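Read through the structure below, which is laid out as structure tokens, and then see the notes.
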Amino acid sequence: MPEHLPRCFYRRDPVTVARTLLGQKLVHIVHGQRIGGIIVETEAYLGIADKAAHSYGGRRSPRNATMWCDGGYCYVYFTYGMHHCANVVAGRPGEPVAVLLRALEPVEGIDTMQTLRGRRQDLCAGPARLCQALAVDRSLDGIDLVTSDHLFIERQRRQVYPPSKIVAAARVGVDYAGTWARQPLRFYLVGNPHVSRR
DNA sequence: AGAGTGATCATG
DNA sequence: ATGATCACTCTC
């Protein structure tokens with residue numbers, strides 16, 4: 001039986017959360033219908049020291065306030081005037097670290113995803129694409145994935161993927177972050193066709 | 001490779 | 001108030 005990932009899953013360092021999130025299922029229930037997919041690509045953002053993170057240097061604002069919440073909260077931001085991206089907050093309260101969800105393998109509500117995306121392919125291969133496919137926007141910012149009944153992550157596989165099944169690479173779109181841009185903080189499943197930037 | 005798009009935030 | 005930026009996507 002599927003169950004929500006518990007608080008302790010999220011209250012760990014963001015790299016561990018990013019790696020163990022691979023293979024779990026993100027679900028959004030809209031108008032009683034389940035829309036969801038298996039997480040196949042993530043990126044870890046390491047907080048105050050991480051030049052690529054929204055919380056770099058201790059920055060705290062209405063936009064990124066959720067990053068300071070307890071592990072398990074959902075941080076959704078709006079960017080480029082048209083795109084939403086969804087993160088899972090990791091660590092403990094006051095520790096602004098998070099994991100960006102970059103790609104899913106579509107599993108439930110695929111027809112609805114196609115309608116929301118206006119496409120048949122590439123439904124969830126990219127952080128803004130998956131938000132569009134799952135109808136995730138800023139109204140879901142600050143939701144607790146551990147206790148919510150309409151946005152959560154279901155434990156799909158009990159055992160974690162071994163390092164040999166996970167590629168660690170540089171994060172996407174953070175070239176401005178200097179040395180931090182080079183860190184291998186992007187994780188995806190080896191050979192998975194639903195990963196972004198194939 | 002370039003355009004689109006507007007909230008957000010650091011300046012002042 | 002103003003201007004630069006942006007954890008992206010689509011189309012060419």
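For clarity, every value in this text was computed on a predicted model and none was experimentally measured. Below, read A as the first sequence line, B as the second, and so on, with proteins coming before strands; counting in each chain starts at 1.
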Exercise. Can you check whether A:Y45 stacks with the C:dA7 base, using ring centres under 5.5 Å and planes within 30°?
Worked result: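 Stacked: centres under 5.5 Å apart, planes under 30°.
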
If you only use heavy atoms from C-beta on, which nucleotide in [options] is closest to the side chain of [X]?
X: A:Y75; options: C:dA7, C:dT9, C:dC8; value: C:dA7
X: A:R117; options: C:dA7, C:dC6, C:dC10; value: C:dC10
X: A:Y176; options: C:dT9, C:dC6, B:dA10; value: C:dC6

What integer distance in Å separates [X]:[atom1] from [N]:[atom2]?
X: A:L123; N: C:dC10; atom1: CG; atom2: P; answer: 10 Å
X: A:Q121; N: C:dT11; atom1: CD; atom2: P; answer: 14 Å
X: A:Q132; N: C:dT9; atom1: CD; atom2: P; answer: 9 Å
X: A:N64; N: C:dC6; atom1: CG; atom2: C1'; answer: 14 Å
X: A:L130; N: C:dC8; atom1: CG; atom2: C1'; answer: 12 Å
X: A:M82; N: C:dA7; atom1: CE; atom2: P; answer: 14 Å
X: A:E41; N: C:dA7; atom1: CD; atom2: C1'; answer: 12 Å
X: A:Y80; N: C:dC10; atom1: OH; atom2: C1'; answer: 14 Å

Is [X] near enough to [N] that one of its side-chain N or O atoms lies under 4.0 angstrom from OP1 or OP2?
X: A:R186; N: C:dA7; value: no
X: A:R129; N: C:dC10; value: yes
X: A:R138; N: B:dT8; value: yes
X: A:R59; N: B:dA10; value: yes
X: A:H54; N: C:dA7; value: yes

Problem set entry | DNA chain B: 5'-proximal contact among A:H83 and A:F78 (nearest heavy atom) |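 That would be A:H83.
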
For this session: Find the partner of C:dG3: check Watson-Crick (N1-N3 plus N6-O4 or O6-N4) and G-U wobble (N1-O2, O6-N3) distances, both under 3.5 Å, and reply none if neither fits.
Result: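 B:dC9 - that is the nucleotide pairing with C:dG3, both distances being under 3.5 Å.
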
For this session: Determine which nucleotide pairs with B:dG2, using a 3.5 Å limit on both distances of a Watson-Crick or G-U wobble pair.
Result: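 Partner of B:dG2: C:dC10.
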
Problem set entry | Upstream residue (5' side of DNA chain C) when A:R119 and A:E43 are each assigned their closest nucleotide |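 With A:R119 and A:E43 compared, the 5'-side residue is A:E43.
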
Sidechain-backbone polar pair: [X] side chain, [Y] backbone, donor-acceptor under 3.5 Å:
X: A:Q24; Y: A:Q156; answer: yes
X: A:H4; Y: A:S148; answer: yes
X: A:R11; Y: A:R7; answer: no
X: A:E108; Y: A:V27; answer: no

For this session: Kindly assign one of parallel, tilted or perpendicular to the pair A:H54 and A:Y75, based on the angle between their ring planes and the thresholds 30° and 60°.
Result: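 A:H54 and A:Y75: perpendicular rings.
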
Exercise. At under 4.0 Å between heavy atoms, what does A:A128 touch on the DNA or RNA strands: base, sugar-phosphate, or nothing?
Worked result: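 Sugar-phosphate, backbone atoms only, no base.
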
Exercise. Using a cut-off of 4.0 Å on non-hydrogen atoms, how would the nucleic acid contact of A:R63 be classed: base, sugar-phosphate, or nothing?
Worked result: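 If one applies the 4.0 Å heavy-atom cut-off, A:R63 turns out to touch the sugar-phosphate alone, with no base involved.
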
For this session: Please indicate whether A:R182 has more than 12 foreign heavy atoms, meaning atoms of other residues, nucleotides or ligands, lying under 6.0 Å from its CZ.
Result: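 12 or below, so no.
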
